[in-house]
Amino acid sequence: MHRSGTSCLTGSLQQAGLFLGNHSTWNPFNRKGNRENPDIMALHEDILLHNSGSWNAPPAIIHLRDDHLTSARSIIAGYANEPVWGFKDPRSLLMLAMWQQLIPQLQFIGIFRHPVSVAKSLQRRGFDRVDDALGLWETYNRRLLEAYEKNPFPVVSFDWPQVKFHAELNSAISDFQLQPIADDEWFYSPELHNHAEQDDDALPVSVKQLYRKLQTISATP
């Protein structure tokens, strides 16, 4: 989900040796950049537009044109000489089937954040209604959980303290042909993470239950 530490996770993976190719290193909402490949983001936006949706109004079903697959294959071909490469875009959760079809060996790593923290961050970006932000959090993270339940993969929490985040991520990346990250080389920094204790009691029941499930799978070895 957007505003959930995805940039921090991806920057950390890059520090561990993951090749990102063309990617953003700065934007107004994140001084270190969102680490997204603009070509992939543009493709995702075009697919969403084709389905009468957007990142903040995800369509229930994704239909692809032939040129979408052609563009995706062209992007993949650009990484052909890289043994370990990856990309990040929260919109990927809405079209995982396409990427899995084109990259059968694709591996995932997920991250989530407390729904209230995400909602507050979205409000700072212009979301007027907390309910809308929480609903969007639920839509994306339900896709994350569904993907995990089909074929489990590492999931980390942006709510964890920095030391735990580092330790758990270093443990997870051992399956990704990446190198452990030294303590003085972490992408993580306090400016990326404004954490405060959140009250779960005010959350909608479905959001609270989903957050609890994500907490459970992130604690699974």
Side-chain angles (χ1 to χ4, degrees), residues 1-45 48 54-56 58 75 79 82 84-96 99 106-127 133 136-137 139-141 143-144 147 153-170 172-173 176 178-179 181-196 198 214 218:
M1 171 58 195
H2 303 262
R3 316 308 301 162
S4 295
T6 57
S7 302
C8 179
L9 171 60
T10 310
S12 297
L13 294 174
Q14 186 181 27
Q15 294 287 81
L18 185 69
F19 180 76
L20 298 179
N22 182 26
H23 65 280
S24 166
T25 56
W26 184 91
N27 70 34
F29 300 101
N30 189 335
R31 294 179 182 178
K32 289 192 173 184
N34 59 23
R35 303 285 139 172
E36 292 175 3
N37 183 319
D39 297 326
I40 292 177
M41 187 175 69
L43 172 60
H44 288 168
E45 287 286 353
L48 291 173
S54 64
W55 75 269
N56 58 353
I75 291 170
Y79 291 97
E82 300 299 329
V84 184
W85 62 273
F87 65 89
K88 162 256 172 176
D89 181 9
R91 299 164 188 80
S92 303
L93 280 169
L94 308 176
M95 48 204 79
L96 288 183
W99 291 110
L106 187 65
Q107 292 178 278
F108 300 133
I109 182 167
I111 188 168
F112 68 98
R113 187 183 188 186
H114 195 285
V116 173
S117 296
V118 172
K120 288 180 177 179
S121 183
L122 287 175
Q123 280 188 298
R124 290 193 290 271
R125 297 184 65 180
F127 263 65
L136 195 60
W137 181 96
T139 296
Y140 275 82
N141 282 290
R143 299 287 186 96
L144 176 64
F153 50 85
V155 177
V156 297
S157 172
F158 200 47
D159 300 322
W160 288 338
Q162 182 173 350
V163 172
K164 179 175 175 63
F165 182 86
H166 289 175
E168 295 293 341
L169 186 53
N170 259 342
I173 64 177
F176 288 84
L178 300 174
Q179 299 300 315
I181 306 167
D183 291 342
D184 59 349
E185 295 180 355
W186 279 98
F187 184 85
Y188 189 113
S189 64
E191 68 183 33
L192 297 176
H193 188 273
N194 297 314
H195 178 73
Q198 305 293 358
L214 294 174
S218 69

Atom pair CZ/CH2 of Phe87 and Trp99 - distance to nearest 0.5 Å: 4.5 Å
Nearest-0.5 Å distance that lies between atom CD1 in Ile181 and atom CD in Gln14: 10.5 Å
Measuring from Glu45:CD to Ile40:CD1, what's the distance to the nearest 0.5 Å? 13.0 Å
CG/Leu18 to CD/Glu82 distance, rounded to the nearest 0.5 angstrom? 10.0 Å
Using the ring of each side chain (for Trp, its six-membered ring), is Phe153 parallel, tilted or perpendicular to Phe108, with breaks at 30° and 60°? perpendicular
Between Trp137 and His114 the two heavy atoms that sit nearest each other are NE1-C, 4.2 Å
Rounded to the nearest 0.5 angstrom, the CG-CG distance for Leu178 and Asn170 is 10.0 Å
Got Leu169 and Ile109 here, is their nearest side-chain heavy-atom distance under 4.5 Å? yes
With Arg3 as reference, evaluate Arg125, Lys120, Arg124 under the side-chain contact (heavy atoms from CB on, under 4.5 Å) test and give the passing residue. Arg125
Tightest non-hydrogen contact, residues Asn141 and Phe112, listed as OD1-CB, 3.6 Å
Nearest 0.5 Å, what's the CD1-OG distance between Ile173 and Ser12? 8.5 Å
May I ask you to decide if Asn37's main-chain N or O and Asp89's side chain share a donor-acceptor pair within less than 3.5 Å? no
Just so I know, are the side chains of Leu144 and Tyr140 near enough to count as touching, which here means a heavy-atom distance under 4.5 Å? no
Do Met95 and Leu48 pass the side chain to side chain contact (heavy atoms under 4.5 Å, CB included) test, and can you show the C-alpha distance, the side-chain angles, and the key distance before you say yes or no? CA-CA 9 Å; Met95 48 204 79; Leu48 291 173; 4.0 Å; yes
When every non-hydrogen atom of Leu136 is compared with those of Pro58, the smallest separation belongs to CD1-CD, 3.7 Å
I'd like to check Trp160 versus Ser218 (side-chain heavy atoms, cut-off strictly below 4.5 Å). Are they in contact? yes
Mind checking whether Met1 and Leu122 have side chains closer than 4.5 Å, heavy atoms only? yes
I would like to know whether Cys8 and Phe165 meet side chain to side chain contact (heavy atoms under 4.5 Å, CB included); could you show each step before the answer? CA-CA 10 Å; Cys8 179; Phe165 182 86; 4.1 Å; yes
For a quick test of reading the model, state the closest non-hydrogen atom pair linking Pro90 to Thr6 and the distance between them. CG-OG1, 4.2 Å
Evaluate the criterion side chain to side chain contact (heavy atoms under 4.5 Å, CB included) for residue pair Glu36 and His44; output intermediate values, then yes/no. CA-CA 12 Å; Glu36 292 175 3; His44 288 168; over 6 Å; no
Ignoring hydrogens, what is the shortest heavy-atom contact between His2 and Val118? Give both atom names and the distance. O-CG1, 3.6 Å
Check against side chain to side chain contact (heavy atoms under 4.5 Å, CB included), Lys88 and Leu9: CA-CA 9 Å; Lys88 162 256 172 176; Leu9 171 60; over 6 Å; no
Which word best sums up how the rings of Phe127 and Trp55 line up, parallel for under 30°, tilted for 30 to 60°, or perpendicular for over 60°? tilted
